[in-house]
Protein chains: 2
Amino acid sequence: MKKYLEILKKVNLFKGIEESNLLSLMSCLSGKLMHYEKNQTVFMSGETINSFGIVLSGQVQIVQEDYYGNRSILANIGVGNLFAESFACAQIEMLPVSVIATTESELLFIDCRKIANPCATACSFHSQLIQNLLHITAMKNISLTQKIEFISKRTTREKLIAYLSAEAQKAGSNCFCIPFSRQELADYLSVDRSAMSAELSKLRNEGILKYKKNNFELL
Amino acid sequence: MKKYLEILKKVNLFKGIEESNLLSLMSCLSGKLMHYEKNQTVFMSGETINSFGIVLSGQVQIVQEDYYGNRSILANIGVGNLFAESFACAQIEMLPVSVIATTESELLFIDCRKIANPCATACSFHSQLIQNLLHITAMKNISLTQKIEFISKRTTREKLIAYLSAEAQKAGSNCFCIPFSRQELADYLSVDRSAMSAELSKLRNEGILKYKKNNFELL
DNA sequence: ATAAGTCTGTTGGAAATCCAACAAAAAGAG
DNA sequence: CTCTTTTTGTTGGATTTCCAACAGACTTAT
């Protein structure tokens, strides 16, 4: 565990917790360190989990399979990131997705119930940990809700305006940069890239916005 | 507060907590009971909040206003339900939405930070409360993620199949009931109702599924 | 049973998206 | 700087959705 201290320090979940406390925290939470080979299954869809994972090295993939057996990749989780924390916290009986190690990986598992319940020694960092976990899931919640607001618009134009409007609001200015390339933005908004590019040009010609690369301005 | 005990008992957040403990829990959390008139603003977009709300009587609306001033209603929150808990837990500096009372209402406010931090008396129901709050946000997370999977499909047909496939999986059978009317399903999937009805007929004619009212069967 | 109202299915034309292919611009490598 | 690769913008035809209007089925109230 000690060799991964540098990574643990940077994990959101442990933000605000002294480095010197991390190792004792791990034993208090009885975190389990596990090794996985490439293509090995970490969680199998259908099983019940109480622990979520943190990637300490390598990468895992969240995979879903529908009724007809079509597999789709929902996310790639890299070093320092959590996975399956929502399923574990929600105490879902049947995991609706599988988790696969895409490379040889070192994963840390923590039982959700240990976080919610105060430990015997009532360690001081425990409440920080709870706050962090709540913060992480709440933030995710907000960004998911926002994404739904964008992609539930019916036309590409409306999706773009909703998204750019939100970015402007976030930046507190009608001038702002977006963190996506055109292709990434199209994927995020669930539209065709070329059609989106065309719509952006149209909006510019109509004098509704200006842009240059990732720099946008609403007018 | 006492007159709302019957409602508090049914609030998800307090699940598993003895009725006899609810009132002392309220004082431990320093829950604040407030009265609002119809159309009164509960939270104003832009402000910082640390507390979330629970509707004890009446109804509130979550309202968003975009860059051009177009207002849209994101949700109606009725008796027994929480609102703004994600924003409060995520410690967002600027609330991106407003909350308005749509009728005369009685609202209970609870400070998020009080939940995460163990109280002085270390009351036993505190860890239950934390678990409940985590459970609520995690569940919301899962259903939002699932909804995104559906509506990010490009065609009505794909959206339908993704949704029905997930319902079948949830039911553990290829035969299941859906909790939506046609119009509600269309709204949920962000498509036109009549086009969706047409697509359903098409799928039935192609022998991909059967349905009668809200009873569906995948073939 | 009748009537009114709601929900669901059907259809055709208008509008928007998707797709593929290509052109232009920008970024990166040698 | 030149060449290569990647990203972005443009266009036209095929596909899909949207919209409006209507008909039939089902529900509810009287």
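First the proteins, then the strands, lettered A, B, ... as listed; each starts at 1.
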Legend entry - Pairwise 5' ranking along DNA chain D for Gln183(A) and Asp192(B), keeping only the more 5' one: Gln183(A)
Inset, instruction - Using a heavy-atom cut-off of under 4.0 Å over every strand shown, decide if Ser181(B) touches base, sugar-phosphate, or nothing. - result: sugar-phosphate
Inset, instruction - Could you check whether Glu158(B) gets within reach of a base, just the sugar-phosphate, or nothing at all, counting any heavy atom under 4.0 Å? - result: nothing
Legend entry - Shortest side-chain distance from Arg182(B), nucleotide among dT11(D), dG9(C), dT8(D): dG9(C)
Legend entry - Close side-chain approach of Val63(A) to Leu74(A), heavy-atom, < 4.5 Å: no
Legend entry - Minimum-distance nucleotide (side-chain atoms of Tyr211(A) versus dC19(D), dG9(D), dT11(D)): dG9(D)
Inset, instruction - Please state whether the base of dG9(C) and the side chain of Arg193(B) form at least one donor-acceptor pair under 3.5 Å? - result: yes
Legend entry - Thr156(A) (side chain) and dA16(C) (base): donor-acceptor pair under 3.5 Å: no
Legend entry - Gap between atoms CZ and C1', on Phe180(A) and dT7(D) respectively (whole Å): 16 Å
Inset, instruction - Take the protein atom NZ of Lys213(B) and the nucleotide atom C1' of dG9(C), then report the distance between them rounded to whole Å. - result: 16 Å
Legend entry - Five-pair end axes of the helix from dA1(C)-dT30(D) to dG30(C)-dC1(D) and the angle they enclose, rounded to 10°: 50°
Legend entry - Distance, rounded to the nearest Å, where Leu200(A) contributes CG and dT17(C) contributes P: 12 Å
For a quick test of your reading: what N or O donor-acceptor pairs under 3.5 Å do the side chains of residues 46-53 of chain B make, sequence neighbours left out?
{"residue": "Glu47(B)", "atom": "OE2", "partner": "Met44(B)", "partner atom": "N", "Å": "2.4"}
{"residue": "Thr48(B)", "atom": "OG1", "partner": "Glu93(B)", "partner atom": "O", "Å": "2.5"}

Inset, instruction - Starting from C1' on dT17(D), measure out to CG on Leu189(B) and report it in whole angstrom. - result: 14 Å
Inset, instruction - Check whether any side-chain N or O of Arg182(A) sits under 3.5 Å from a backbone N or O of Lys213(A) as a donor-acceptor pair, and report yes or no. - result: yes
Inset, instruction - Side chain of Ser201(B) only, please: which of dT11(D), dT8(C), dG9(C) is the nearest? - result: dG9(C)
Inset, instruction - Please answer whether the main-chain N or O of Ala186(A) pairs with a side-chain N or O of Ser190(A) as donor and acceptor at a distance below 3.5 Å. - result: no
Inset, instruction - Check the distance between dA16(C)'s C1' and Leu160(A)'s CG and give it to me in whole angstrom. - result: 14 Å
Legend entry - Donor/acceptor link under 3.5 angstrom from Thr155(A) side chain onto base of dA15(C): no
Legend entry - Distance in angstrom units between Asp187(A) CG and dC18(C) C1', rounded: 14 Å
Inset, instruction - Return the 5'-most residue of the pair Arg154(A), Lys212(A) with respect to DNA chain C, ranking by each residue's nearest nucleotide. - result: Arg154(A)
Inset, instruction - Round to the nearest Å and state the distance from Arg157(B) atom CZ to dC18(C) atom P. - result: 17 Å
Legend entry - Atom-pair distance (CD on Glu199(B); P on dC18(D)), nearest Å: 11 Å
Legend entry - Donor + acceptor pair across side chains of Tyr163(A), Glu167(A) (<3.5 Å): yes
Legend entry - Whether Phe176(A) and Phe216(A) hold their rings parallel, tilted or perpendicular, with breakpoints at 30° and 60°: parallel
Inset, instruction - Measure from the side-chain heavy atoms of Ser197(B) and tell me the nearest of dC18(C), dC18(D), dT8(C). - result: dT8(C)
Legend entry - Glu199(A) and its salt bridge (charged side-chain N to carboxylate O under 4.0 Å, His left out) partner, picked from Arg204(A), Arg157(A), Arg193(A), Lys159(A): Arg157(A)
Inset, instruction - Answer with yes or no whether the side chains of Thr102(B) and Gln59(B) bring together a donor and an acceptor at under 3.5 Å. - result: yes
